[in-house]
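Here's the structure we're looking at; comments come further down.
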Amino acid sequence: MPPVDAALETLGQSLDRLERAMSEREARRVRDDADLDRRDEELNAMRDEYQALRGEYEQLRTVVRQVDGRLDGTVARLRALLKG
């Protein structure tokens, strides 16, 4: 094979490898972007869930304080009845 033909064949093979490498890199980038989008969605869902739980906690805390106050009042009345 003449040297020019060998050089053209080598160049063609190199270009093919470069094209495959670029295609693989693009595919990885697309997967990475999809992973980032998925992680962002998961993080947003976790934040929403946290906010919901935080609200439920505050409601529960309010109820516990009310119940605690009522129980203290009931215990105080019972003690007064028992002493009286």
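Cluster partners of L18, using a side-chain heavy-atom cutoff of under 4.5 Å among ILVMFWY residues and allowing indirect links, are M22. Under the 4.5 angstrom side-chain criterion for Ile, Leu, Val, Met, Phe, Trp and Tyr, the cluster partners of V67 are V63, L71. Residue L60 is found in a hydrophobic cluster whose other members, listed by chain and number, are V64; membership requires side-chain heavy atoms under 4.5 Å apart, directly or through intermediates. Hydrophobic cluster membership for L43: none, as no Ile, Leu, Val, Met, Phe, Trp or Tyr side chain comes under 4.5 Å of it.
A search for salt bridge (charged side-chain N to carboxylate O under 4.0 Å, His left out) contacts involving E56 returns nothing, not counting sequence neighbours.
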Distance-only donor-acceptor pairs under 3.5 Å for side chains of residues 5-13, two or more places apart:
residue	atom	partner	partner atom	Å
E9	OE2	Q13	NE2	3.4
T10	OG1	A6	O	2.9

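Pairs passing the side chain to side chain donor-acceptor pair (under 3.5 Å) check and including a residue from residues 15-34, sequence neighbours excluded, read S14-R17, E26-R29, R29-D33. Listed by first and then second residue, the side chain to side chain donor-acceptor pair (under 3.5 Å) pairs involving residues 63-81 are T74-R77 (not counting sequence neighbours). Applying the side chain to side chain donor-acceptor pair (under 3.5 Å) rule to pairs touching residues 39-54 yields R38-E42, sequence neighbours excluded.
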